Structure formats: structure tokens, C-alpha cells
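Written out below as C-alpha cells is the structure these notes cover.
Please read these numbers as outputs of a predicted model, since none were measured by experiment. All chains are named by letter (A, B, ...) in the order of the sequence lines, taking the proteins before the strands, and each is independently numbered beginning at 1.
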Number of protein chains: 2
Amino acid sequence: MQDDLMVIPEAVGQEGLLERIRRLVLGGEFPPGALLPEAYLAQEFDVSRTPVREALKQLQHEGLVEIRPKVGTFVREPTRREIIELFQLKESLEGLAASLLARRGEVPELTILRRNLEDSDEAVLAGDTEAYARLVHEFHWTIVRGSDNYKLFEHYERLMNQLAYQRLVLRTVEHPGRIAASTGEHHAVLEMIEHKDPFGAESAMRNHVYASSREALVTEPERKP
Amino acid sequence: MQDDLMVIPEAVGQEGLLERIRRLVLGGEFPPGALLPEAYLAQEFDVSRTPVREALKQLQHEGLVEIRPKVGTFVREPTRREIIELFQLKESLEGLAASLLARRGEVPELTILRRNLEDSDEAVLAGDTEAYARLVHEFHWTIVRGSDNYKLFEHYERLMNQLAYQRLVLRTVEHPGRIAASTGEHHAVLEMIEHKDPFGAESAMRNHVYASSREALVTEPERKP
DNA sequence: TTACCGTCGTTTGTATGCAACAGACTCTTG
DNA sequence: CAAGAGTCTGTTGCATACAAACGACGGTAA
């Protein structure tokens, strides 16, 4: 299995470009409101303007840039309201995922989740916030994957792309108390899932997402004038 | 004010094309699964392939078509399993919408909903299934709009396009017993919303969507061999 | 000094050409 | 007769070229 080497013919040329431009925008090199000339990006990534244009359109859908027709493409930071809306969606979708996963039997994802929580506990004890952040990410994605609903997976993927700004730029400095609470909530979610309690799993998951979003939103400061 | 004559510079060339291709797809001229050649569309609408390509990407984002890289663009044709998955999503998203709407005060959408139910009752008594189908559509969309969550609106739009909902709802409507039950559920949903009961509204909405989906799925037979 | 008009540079939007890939069809061979 | 390899057509993906529009800048006049 050499998945890494199995280069998808040219979707790589496309998605790779999209990823790179997204990282460039999120990297903060261009301040919000700055112009992103297509020609510059084309030269920078050694492609023509055509694929750059397509990638920018996608980034517009993700809310990262704003395309003013006949004027140009500008870096745009999602508004606080948009982030709130996205978190509400996240709560609903992940609640559904947990519910669906709880309805399933013993699936491989449960093993991953158990292992994930063990590692998370270790990371918390070790104070390794970076590893913990990665494990949190894996926890949520595993539940969505484990729901065995591919359409849900697709919409969730889209949602998380739109939340990429929040994840990567507004790096929420997790309060220690919040980390403890979060791990506790994770355990509660998994317990409900293992008890095959769809309603309880959904409720626990939504509580967890809501609490996390609250934390993320209070951490996000006011907009500078 | 001559808004009609205030031609938006060239977004007209773009949006006009997008609208026309969208209507072409929705019109059913191309059956689900059919290939939409870029060259054909370009010639048909007397433009080059480049703007056609951009419009198709937008349509893919809306969920109306599926672009298989290096193969072609096809009118979306959901499998039965995908329809089930999409209905699960629909239940979750509409539940969220009803919940959010119930949290809001007296908003214009409530007036629309009350009027909608009056008209629906009339349509049921008159046996006007066509009008009823249209009103059902309006009911659901009004709730999603009334949720005041634009990101939810966007995801819902994509979901409904993928479901090709308008194709499904027509078959569902033909069951007299189901129509009576459906109207009753609509009334229950609105009542919960008017009582500003988010949990009750979400629950009622999800029950309704679930019942409708069951009906749609039994109505939709197996795929022809 | 300020408001306005014309010119210019930069950027986007569209058209076209070319190369590469996917899928189907046919021909050959066991 | 069936299976496989090779070819061949249709379609997409990308690069490049050109034209049009927007916004800024400077000059002019009141």
C-alpha cells in the first residue's frame, strides 16, 4: 500500500493548487482586503491563469476570498456571524453522525475512537497541546466517517473547509480547564455510542460541539476598527 | 428607476449563462446520468468553452451535476442508498432550521407559514395535488430561510439539488392518506415554532421529514435493470 | 484649493489551440 | 467462441493571446 505515491493523475494538479492557494491565503501573508492577482498566483505556482481562476472560485465558496467581477479577487476573513452559523451546522451534522454511529454495531471506527481517547488522555497529562489538537481532529472525523453516510461526510468536509479559517488562523488558545472538559465530553460521547444509544450519543455530541464553539467564539476577539 | 435596464456589466454574460444551463438541466431535457459536453453547451449558447466550464463548476457546487475529472460532466443521478443518506441529512438540517426559527421572535416568515397552511388545507380539500406539492415545497424552504442562517441555507440548497427533490415529491403526493398526515405534521411544526419551543419544533420537524422520507422511499421503486 | 474630466496601466473575462486521458470498438489469438 | 491487446474517437485540462472594463492618477478649470 503506497497510497502516498499513488498520484491521482491531474486532480493533484488541481487540488494541490487549491490547497496551496488556500494555505497562502490562510498564512496571512496577504492581509484581509489585499488583492490577489491571478497572474501573480499563476507565476508563483507555475501554472496558467485558468486553473488559478477555478481554484479562486472554490475559495470564494469557502468564504476565504471575495471576487468582485471585473475588479479582482481580494482576501476576505469570514465574519463572526458566519463562523457562528457554521458552528451551528457543525453541531447538527456531528450530532447526526454520532447518532448514526451509535446505531451501528461493533465497527472498526470504535477501536480507533477508543485508542484515540487513550492517546488523548496521555497527551493531556503530558501537556502536549499539539498532539491533543490533532487527536481532537481525528476524533471528530472518525465519528463522521463511522456514520457510514457518505453524503454526510461530503457535506461535513465542505463545512470544515469553510471553517478552515477558524481552525488555522484563530488558533484558539485552549484554556486548561476547557481541555479537561473536552476530554470528558469525548469520553461521554463514546460511552453513549458504545451503549448503542443514538439519542444520547447525539445529545452528548451536540453538547460537546456547542461547548467547544462557545469557547472558540469567546476566544475570538473583537474586530479591529 | 429602471432596474431592468441597468444591465449588470458582464455578470450578465456569466450569470445569464449559468441560469440558462441550470434551466436546461432542471428542464429534464437531459435525463439523469446523461453527459453534458462542454463543446455542445458552448455552441448551443454561442459562447466559448471557458465560461461554460465555470458555469458547470458552479452547478457542481450546487449539486445539480457531477464532474468526473477527465471524463465529463453528468446530470446527477442519486442511487437509492444516496437518497436514504440525503434524507437523513435533510432531517437533521430541517430540524436545525425549525429549532433556529423557533428561537426567533415574530418574523415575517411566520406570516408566510400561516398563510401557507391555510392554502394547503384548501388545496387538500380541493384535491389540488399540484398546488399542494408547491405549497409543501414553500413550507420547507420558508422554514430554512426563516432560520436566518445563510450557511444552512446554502447546504440545504445543495442537498435538495442532489435529491432532485422536485422529482420525488410529485410521486409522494399521490398518496391521499399521506397528504392528510403531512398537513397535520406541518401544523404541529408551526405550532411548536409559534410557542417558541426549539426542542419541540426540531422534534416535530424531524418526525415529519422522517415520515415523508419513508413515504418517498417506498414510493420510489427499485432501479430498472 | 477643490472638483471634474480624460488618459493610462493593471486586471479580469473570453476565445482558441493543443496535448493527454478515458472509454469503446475492433481485430487478433488461444 | 471468448478473452485480451491495440487503436481510435470523443472529451476534458491547460496554456496562451487578445480585448474590454475598472480604478487610479494627473491635469485643468472654476
Let me know the distance between [atom1] of [X] and [atom2] of [N], rounded to the nearest Å.
{"X": "A:Leu18", "N": "D:dG13", "atom1": "CG", "atom2": "C1'", "result": "16 Å"}
{"X": "A:Glu54", "N": "D:dC14", "atom1": "CD", "atom2": "P", "result": "6 Å"}
{"X": "B:Arg68", "N": "C:dG23", "atom1": "CZ", "atom2": "C1'", "result": "11 Å"}
{"X": "A:Lys70", "N": "D:dA21", "atom1": "NZ", "atom2": "P", "result": "6 Å"}
{"X": "B:Glu38", "N": "C:dC21", "atom1": "CD", "atom2": "C1'", "result": "14 Å"}
{"X": "A:Asp46", "N": "D:dA15", "atom1": "CG", "atom2": "P", "result": "8 Å"}
{"X": "A:Gln43", "N": "D:dA15", "atom1": "CD", "atom2": "C1'", "result": "15 Å"}
{"X": "B:Phe74", "N": "D:dG10", "atom1": "CZ", "atom2": "C1'", "result": "12 Å"}

Please tell me if A:Arg53 has a side-chain N or O lying less than 4.0 Å from either OP1 or OP2 of C:dG13.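 For C:dG13, OP1/OP2 do have a side-chain N/O of A:Arg53 under 4.0 Å.
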Taking only side-chain N and O atoms of A:Ser48, does any of them lie within less than 4.0 angstrom of OP1 or OP2 on D:dC14?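 Looking at the OP1 and OP2 atoms of D:dC14, neither is under 4.0 Å from any side-chain N or O of A:Ser48.
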Of the nucleotides C:dC21, D:dA15, D:dG23, which has the atom closest to the A:Val47 side chain?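 Side chain of A:Val47 sits closest to D:dA15.
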Out of C:dT12, C:dT14, D:dA15, which nucleotide sits closest to the side chain of A:Pro51?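 Between C:dT12, C:dT14, D:dA15, the one nearest the side chain of A:Pro51 would be D:dA15.
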Does [X] reach a base, just sugar-phosphate, or nothing at all? Heavy atoms under 4.0 Å.
{"X": "B:Leu56", "value": "nothing"}
{"X": "A:Arg49", "value": "base"}
{"X": "A:Ile67", "value": "nothing"}

Is it true that, when you exclude A:Glu106 itself, more than 12 heavy atoms of the residues, nucleotides or ligands shown sit nearer than 6.0 Å to its CD?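 Yes.
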B:Glu44, CD atom: more than 12 neighbouring heavy atoms under 6.0 Å: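 Atom CD in B:Glu44 is packed in, count exceeds 12.
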Name the one of A:Glu85, A:Met160, A:Gln162 that satisfies side chain to side chain contact (heavy atoms under 4.5 Å, CB included) with A:Lys90?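 That would be A:Met160.
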Think A:Arg68 forms a cation-pi with A:Phe74, using NZ or CZ under 6.0 Å from the six-ring centre and within 45 degrees of its axis?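 The answer is yes; both the distance and angle limits are met.
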Lys/Arg-Asp/Glu bridge criterion (N-O < 4.0 Å) met for A:Arg178, A:Glu185: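 Salt bridge flag = yes for A:Glu185 with A:Arg178.
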Residue met sooner reading DNA chain D from 5', once B:Thr50 and B:Leu36 are mapped to nucleotides: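 Closer to the 5' end of DNA chain D: B:Leu36.
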